[in-house]
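What follows is a single structure, written as structure tokens, with notes after it.
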2 protein chains.
Amino acid sequence: MNALNSLSQEELGSAAQRERRKRILDATIALASRGGFDAVQMRAVADQADVALGTLYRYFPSKIHLLVSALGREFERSQAAMSGKPIPGDTAEQRVNYVLGRTTKILQKDPNLTEALTRAFMFADASVSTEIHHVGMMLTSVLTEAMGTRTGDAEPTEEEIAIARVIGDVWLSSLVGWVTGRSSATDVETSMSVAVRLLLR
Amino acid sequence: MNALNSLSQEELGSAAQRERRKRILDATIALASRGGFDAVQMRAVADQADVALGTLYRYFPSKIHLLVSALGREFERSQAAMSGKPIPGDTAEQRVNYVLGRTTKILQKDPNLTEALTRAFMFADASVSTEIHHVGMMLTSVLTEAMGTRTGDAEPTEEEIAIARVIGDVWLSSLVGWVTGRSSATDVETSMSVAVRLLLR
DNA sequence: GCCATAATAGGAACACGTTCCACTTCTCGT
DNA sequence: ACGAGAAGTGGAACGTGTTCCTATTATGGC
């Protein structure tokens, strides 16, 4: 009934539905990885996921929802893969730079996918706010964790959260510059180092 | 001959062409102001500017070029309107906050226009890099001017430029959050104050 | 097992950005 | 003034996101 949000994973009853959802997101990632934002065509996703176009739209009400949801899933996967391991570095600045540098490196390995997901994120409007908020929270918490103690035992302060948000904003802007071909990967690293140095001094 | 960039204003020969270009940009702003990004439809722009669709595409090779060019013109106009007047405030932080606050206030008065221009800016790819760079430079120079002495006699240092870029990045990200309905105008002001305080301390 | 209902398939139809084409009008060098 | 080439007109046509409709299939309560 709830046609406002895309069906979130928890409320999918049958295993067949979870399976469909997974196939759709897999197809999305595959197509995005091959040809970027433009290659994620709704008909192609439906074909590759072996669902009808109408079904695809039942699961994800727009291309943007689809891509932002895919971004959320990949982000979670990546977060799960590295959770538990302490972040190297003696200072907050070092740790944050480490996290940003590694993430940027991962993104560079699949520029088409990065382009697709970043563009979707920046183009999303209020109807995608749930998914966007989800991703935004994950990003902020990754950064506060890197800023705080490496075991993350203490809650971040308001100030730390504010700083993390600012860093996240700068990162997104830089990323947009990169995926749209206006700046190089080195530019992204440089501007992130500058921002981190200024904010965590 | 040069089909890569949209015709820039200087190289337009006849007065009739300058006039056409002006009508197109006026129509773009009017439509954007009324209904935002989606309302700027190429056929509607052509109609309202009283040019053929093909002519519109001769002047601006895509909707994004069109909107980013319109953004550039408005930015220039706004910059011209306030140039010469000293920026109030005793510290760099105060002056930058003043400039950002006033600009944000102007943008809030026409949310549809702001949405259209911001989205175009964030969606632009490398083929629009000339126009994007133009706007980016204006933004950075407004900020460095506010940071430096109010008369702008001294050149900004590298550090100041880096800080201005970071502030600009944060501002763009916040703006995207606002125009896409994910955060309020107050949120924008708050996060800008935070960023400015952190960066200009 | 059977029926009511929801979910899916398959695909037509529509909207808007973009391209293209045939024709007309303007501009400019001679 | 004239002719050639550039610029503009008007509109058809195409691609892709989105909507919609009908027929078919899966599901859950009895």
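Lettering of chains follows the sequences in order, A, B, ..., and the numbering in each one begins at 1. Nothing here was measured: the structure is a model prediction, and the numbers come from that model.
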Worksheet, complete the sentence: When rounded to whole Å, the CD1 to P distance for the pair B:I64 and C:dG17 reads 10 Å
Response to the item:
Between CZ of A:R23 and C1' of C:dT8 the distance, given in whole Å, is 11 Å
Worksheet entry | Helix axis bend for the helix from C:dG1-D:dC30 to C:dT30-D:dA1 - C1'-based end axes, five pairs, 10° rounding | 20°
Worksheet item: How long is the line joining NE2 of B:H65 and C1' of C:dG17, in whole Å?
Response: 14 Å
Worksheet item: Tell me: CZ of A:R20 to P of C:dA7, nearest whole Å?
Response: 11 Å
Worksheet item: Does A:Y59 have a side-chain nitrogen or oxygen under 4.0 Å from the phosphate oxygens OP1 or OP2 of C:dT8?
Response: yes
Worksheet item: Does a side-chain N-to-carboxylate-O contact under 4.0 Å join A:R77 and A:E74?
Response: yes
Worksheet item: So which nucleotide from D:dG10, C:dG17, C:dT8 ends up closest to the side chain of B:K63?
Response: C:dG17
Worksheet item: Can you list every ring-ring contact (aromatic ring centres under 6.0 Å, His included) pair that touches residues 17-48 of chain B, not counting sequence neighbours?
Response: A:F123-B:F37
Discussion item. Of the options C:dA9, D:dT9, C:dA7, whose atoms approach the side-chain atoms of B:T55 most closely?
Written reply: D:dT9
Worksheet item: Quick one: A:F123 CZ to D:dG17 P, roughly how many Å, whole number?
Response: 13 Å
Discussion item. Any residue in residues 37-49 of chain B with a heavy atom nearer than 4.0 angstrom to DNA chain C? Just list them by number, or reply none.
Written reply: B:V40, B:Q41, B:M42, B:R43
Fill in: Protein-nucleotide distance (A:L53, atom CG; C:dG11, atom C1'), rounded to Å
9 Å
Worksheet item: Excluding sequence neighbours, so at least two apart, what forms side-chain contact (heavy atoms from CB on, under 4.5 Å) with A:E93?
Response: A:T91, A:N97, A:V196, A:R197, A:L200
Discussion item. Hydrogens and angles aside, do B:H65 and B:S62 bring a side-chain donor and acceptor to less than 3.5 Å of each other?
Written reply: yes
Item to complete: Determine the minimum heavy-atom distance between A:W178 and A:S184, stating which atoms define it.
Response: CD1-C, 3.6 Å
Worksheet item: What's the CZ-P distance between A:F60 and D:dG17, to the nearest Å?
Response: 16 Å
Item to complete: With sequence neighbours excluded, tell me which residues meet side chain to side chain donor-acceptor pair (under 3.5 Å) with B:R73.
Response: B:D26
Worksheet item: If we ignore angles and hydrogens, is there a donor and acceptor under 3.5 Å between the side chains of B:T180 and A:D125?
Response: no
Practice prompt. Tell me, please, which residues at least two apart from B:L71 pass side-chain contact (heavy atoms from CB on, under 4.5 Å).
Written response: B:L117, B:F121, B:V135
Worksheet item: Just how far, in rounded Å, is P of C:dC16 from OH of B:Y57?
Response: 13 Å
Practice prompt. Would you please test A:S33 and A:D110 for side chain to side chain donor-acceptor pair (under 3.5 Å) and show each step?
Written response: CA-CA 6 Å; A:S33 183; A:D110 204 336; 2.7 Å; yes
